[in-house]
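Worksheet for the structure shown next.
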Amino acid sequence: MSEEKKLPADVTRALNRLVTIWSDGDGYRQAVALAESHSHLLPKPVTHAQLNGLRNVVGAAPDPKTVKMFTDNQRDKAYRRGDLELRDYWAEVGTALTRLRESAQALWAEAGGEEVGLSKKEAKAARAQVHMGLMRAFVQHLVAHSLYLPATKGGS
Amino acid sequence: MNELTREQQERLARHAIQRAVARESDRFFDRAQSPAEKLRAVDLKRAQVHGLENIAYSTDRLSDIYDFLKKQMGRPGKLGQRWRRENVGQDLLSALSGLSREANQIARTVAAEYPEAIDDDASRRIHLELCREYLKHVAAHYQYGEAVE
């Protein structure tokens, strides 16, 4: 948002608050459910290295498209190796992260983002950053639960 | 009570919540002793215990605390084993998430008295405060136990 119009402080505060609430609520539940539904793939073929890789990519990615490219690449690599379960895992992770765009849109509207008067380009960029915030929270929960499951419940 | 402005209700509600959290905190003092002893028994170091306490105080998200504990329990090697030994990490995770009951009760009680002051997120924020209080006592008992050993 550097030289473009900045969000008013109250909208930024509202967004941060809503993302926090989402992270502790729906975001946490959805991520845990995704991990649980693939517990049979933990700790292999979904390894610590793959999970940490996902967390690093999402942490550094400038936009949601970069994250989608990563998950699509992981999906395609698994397919080429003949690991169809792993392929499906990465496909589901990619879908789950992409779908967070709808939640981001809802939070953006609830925080008053639509009333700020940004240009179309600025609004799109701002919503993308909200989407990234949700992705980062989701992946944090997914990775933590995915590391925890096999270690504590005798997963595969 | 219905003559109070929203601002007055919010101020009184904040005090009521602080008092309720303080009362719960005093109850945690005894409850926190056993987990603290377990942390020492499984040979978890002070840095680990204070790391957990620091997470609770530096975040505004409950899920950050849960994720920290899960990651610790999921770690390979000796450190992960210590967090999993005698269910010390799992018991802490269960104890902290279980504080939602007390948090909901406090939120309901205060909302009954000051309905305009309590929003949908109040229970979650109270839960976070309770987690901080609980971990504060666990860390204190841990440190005391180390010192007198």
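These numbers were taken from a predicted model, which means no experiment stands behind them. A note on names: the letters A, B, ... follow the listed sequences, proteins ahead of strands, and every chain is numbered from 1.
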Between A:His145, A:Arg17, A:Gln140, which has the largest tally of heavy atom pairs under 4.5 Å with chain B?
A:Gln140
So, B:Arg125 and A:Asp24, do they make that salt bridge, N to O below 4.0 Å?
no
Heavy atom to heavy atom, less than 4.5 Å: which residues from residues 75-97 of chain A reach chain B?
none
Using a 4.5 Å cut-off on heavy atoms from C-beta on, say whether the side chain of B:Lys70 contacts that of A:Val32.
yes
Linking I/L/V/M/F/W/Y whenever any side-chain heavy atoms sit under 4.5 Å apart, do B:Leu92 and B:Tyr144 land together?
no
Take atom CG of B:Asp120 as the centre, draw a 6.0 Å sphere, and report whether it contains more than 12 heavy atoms from other residues, nucleotides or ligands.
no
Determine whether A:Tyr148 and B:Gln90 make a side-chain contact, defined as any pair of heavy atoms from C-beta on separated by less than 4.5 Å.
yes
Which pair of non-hydrogen atoms, one from A:His48 and one from B:Pro76, has the smallest distance, and what is that distance?
CE1-CD, 3.8 Å
Taking B:Val49 as the starting point, is it possible to reach B:Leu79 by hopping between hydrophobic residues whose side chains are less than 4.5 Å apart?
yes
Are B:Arg124 and A:Ile21 close enough that some pair of their side-chain heavy atoms sits under 4.5 Å apart?
yes
For B:Leu128, is it the side chain, the backbone, both, or neither that has a heavy atom closer than 4.5 Å to a heavy atom of chain A?
neither
Whether over 12 other heavy atoms sit under 6.0 Å from A:Arg55 CZ:
yes
Please list, in residue-number order, every residue in residues 57-67 of chain B that has a heavy atom less than 4.5 Å from any heavy atom of chain A; write 'none' if there are none.
B:Asp60, B:Arg61, B:Leu62, B:Ser63, B:Asp64, B:Tyr66, B:Asp67
